[in-house]
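Following: one structure in structure tokens, then a few remarks.
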Amino acid sequence: MLDLIDTGRMPGGRPAWEILMPEEAPGGSGVFVVCDERGEVAGAVRCAVRPADGAGLIVWLHSREDLEVTAALIALAGAHLADRPVLYACTGPATATGIPGLPVTHRPVTAWALAAAGFMPASAQRYFLRDLADPALPPPAYPLAEVTSLTRPPGWRLNLTDAAGRPLADATLHTPTPATGHMALLAALTVRPGQRRRGIGSHLLAQALHHAHTQGASRITTTVPGDDTAAARLLEGAGFLLLDTLTVYRRHP
């Protein structure tokens with residue numbers, strides 16, 4: 001199972017041992033497998049039910065990108081969740097930092113099989129990663145953001161203001177830990193309306209990268225909505241690489 005799940009894992013992806021850890025799962029949950037003619041596991045899928053609205057969830061599925069096995073897993077999950085008002089697929093974390101969705105570039109067969117089974121994209125986020133091991137990472141420039149600690153989840157908020165104390169922009173970082181492979185997560189970066197297109201976002205982003213590096217992060221990840229080209233350009237200008245688009249799918253009965 002570990003080899004099955006790790007096949008095709010993208011950089012920064014969630015490790016197989018974490019995916020297979022026992023979960024506090026609601027009723028209707030379970031892991032189902034498809035075996036080949038030799039009785040060996042060829043694919044696996046986790047199903048669950050969301051307590052808030054009763055939606056059926058295909059949390060994850062893995063098949064080594066074999067189309068026949070993938071289609072069988074989707075059909076098996078659909079039959080198990082047939083009484084649910086709506087189905088969502090690929091709702092589990094795809095990355096070590098907890099970002100959900102199917103990495104469609106790394107998993108094209110699964111994306112195709114979901115579409116063939118009637119699933120449509122419900123949300124799509126472009127997934128970026130930046131290496132922070134570069135010793136030439138520049139120190140933060142003035143004006144400096146005020147850094148405050150967060151506890152839920154652990155991390156920091158960086159608030160940038162002008163000389164009069166008026167807010168310009170803020171960013172939120174989640175702490176790098178061994179569980180995330182020492183990757184930090186840039187959870188948010190917001191520039192106030194009226195302050196955009198002045199280089200403030202780039203200025204604060206550079207400080208966020210430096211802070212994550214000083215706190216032990218070897219890499220940092222983040223996502224932006226699929227249609228947010230301005231945010232994508234900002235990240236690419238700061239050395240982030242676009243790795244994939246993480247997509248959550250939905251199907252109505």
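- The hydrophobic clustering, which links ILVMFWY residues whose side-chain heavy atoms are closer than 4.5 Å, places Val147 and Leu150 apart.
- Hydrophobic clustering places Leu76 together with Leu102 (ILVMFWY residues linked when any side-chain heavy atoms are closer than 4.5 Å, directly or through intermediates).
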Validation: residues 158-168 side-chain donor-acceptor distances under 3.5 Å, sequence neighbours left out:
| residue | atom | partner | partner atom | Å |
| --- | --- | --- | --- | --- |
| Asp162 | OD1 | Ala164 | N | 3.0 |
| Asp162 | OD1 | Gly165 | N | 3.0 |
| Asp162 | OD1 | Arg166 | N | 2.8 |
| Asp162 | OD2 | Arg166 | NE | 3.0 |
| Asp162 | OD2 | Arg166 | NH2 | 3.2 |

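- Side-chain contact annotation: His211 with Gln207, donor-acceptor N/O pair under 3.5 Å absent.
- Taking CG of Leu235 as the start and CG of Leu205 as the end, the distance is 6.5 Å to the nearest 0.5 Å.
- Arg84 places a side-chain N or O within 3.5 Å of a backbone atom of Gly54 that can act as its donor or acceptor partner.
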(request) Go through the steps to decide whether Leu61 and Cys90 satisfy the test side chain to side chain contact (heavy atoms under 4.5 Å, CB included), and finish with yes or no. (result) CA-CA 7 Å; Leu61 69 160; Cys90 306; 4.2 Å; yes

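- Relative to the ring axis of Phe119, Arg250 does not place its NZ or CZ within 45° and under 6.0 Å from the centre.
- Atom CG of residue Leu243 and atom CZ of residue Phe128 lie 9.0 Å apart, to the nearest 0.5 angstrom.
- Note that CZ of Arg50 and CG of Leu87 are 11.0 Å apart. Values are rounded to the nearest 0.5 Å.
- Using a 4.5 Å heavy-atom cutoff, the side chains of Thr95 and Leu246 are in contact.
- Atom CZ of residue Arg219 and atom CZ of residue Phe240 lie 12.5 Å apart, to the nearest 0.5 angstrom.
- Cluster annotation: Ile74 and Met120 are assigned to distinct hydrophobic clusters (Ile/Leu/Val/Met/Phe/Trp/Tyr, side-chain heavy-atom contacts under 4.5 Å, transitive).
- In this structure, the side chains of Leu129 and Leu241 stay at 4.5 Å or more apart for every pair of heavy atoms.
- By the criterion of side-chain heavy atoms lying less than 4.5 angstrom apart, applied directly or through intervening Ile, Leu, Val, Met, Phe, Trp or Tyr residues, Trp112 is not grouped with Val69; the two fall into different hydrophobic clusters.
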Determine all donor-acceptor pairs shorter than 3.5 Å in which one atom belongs to a side chain in residues 181-194; sequence neighbours excluded.
| residue | atom | partner | partner atom | Å |
| --- | --- | --- | --- | --- |
| Arg192 | NH1 | Asp170 | OD2 | 2.7 |
| Arg192 | NH2 | Asp170 | OD2 | 3.2 |

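- Listed here is the closest heavy atom pair of Leu81 and Ala48: CD2-O, 3.7 Å.
- Side-chain contact between Trp156 and Thr172 is absent, with no heavy-atom pair separated by less than 4.5 Å.
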(message) Set out, in order, the CA-CA distance, both residues' side-chain angles and the distance that settles side chain to side chain contact (heavy atoms under 4.5 Å, CB included) for Trp60 and Val45, then state yes or no.
(response) CA-CA 6 Å; Trp60 52 256; Val45 59; 5.5 Å; no

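- The hydrophobic cluster containing Leu173 also contains Ile200, counting ILVMFWY residues as joined when their side-chain heavy atoms lie under 4.5 angstrom apart, directly or transitively.
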(request) Go through the steps to decide whether Leu209 and His213 satisfy the test side chain to side chain contact (heavy atoms under 4.5 Å, CB included), and finish with yes or no. (result) CA-CA 6 Å; Leu209 296 180; His213 178 63; over 6 Å; no

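- Side-chain atoms of Gln125 and Thr245 form no donor-acceptor pair, as typed in the model, at a separation below 3.5 Å.
- Residues Ser218 and Asp131 share a closest heavy-atom pair of O-OD1, 3.2 Å.
- Contact record, Gly101 with Val248: CA-CG2, 4.0 Å, taken as the closest heavy-atom pair.
- Put simply, the side chain of Ser63 reaches to within 4.5 Å of the side chain of Leu73, judged on heavy atoms.
- Counting all heavy atoms, side chain and backbone alike, Tyr249 lies closest to Val104 at OH-CG1, 3.4 Å.
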(message) Could you walk me through whether Arg64 and Asp66 satisfy the salt bridge (Lys or Arg N to Asp or Glu O under 4.0 Å) test, starting with their C-alpha distance in whole Å, then the side-chain angles of each, then the deciding distance to 0.1 Å, before giving a yes or no?
(response) CA-CA 6 Å; Arg64 294 191 178 92; Asp66 180 291; over 6 Å; no

(message) If you apply the rule side chain to side chain contact (heavy atoms under 4.5 Å, CB included), what do you find for Tyr88 with Arg251, and how did you get there?
(response) CA-CA 6 Å; Tyr88 290 89; Arg251 185 180 79 183; over 6 Å; no

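- Across all their heavy atoms, Thr247 and Pro121 have their closest contact at CG2-CB, 3.8 Å.
- Here the closest non-hydrogen pair linking Ala212 and Ile220 is CB-CD1, 4.3 Å.
- Residues Leu57 and Cys47 fail the side-chain proximity criterion, which asks for heavy atoms closer than 4.5 Å.
- Side-chain N/O atoms of Thr97 and Thr221 include a donor and acceptor closer than 3.5 Å.
- Glu65 contributes a side-chain N or O that, together with a main-chain N or O of Thr110, makes up a donor-acceptor pair within less than 3.5 Å.
- Side chain of Thr180 to backbone of Pro176: no donor-acceptor contact under 3.5 angstrom is found.
- The local environment of CD in Glu68 is sparse, with at most 12 non-hydrogen atoms from other residues, nucleotides or ligands closer than 6.0 Å.
- Atom OG1 of Thr223 and atom CZ of Arg126 lie 11.0 Å apart (nearest 0.5 Å).
- Judged by distance alone, with hydrogens and angles left aside, the side-chain atoms of Arg130 form a donor-acceptor pair with the main-chain N or O of Ala238 at under 3.5 Å.
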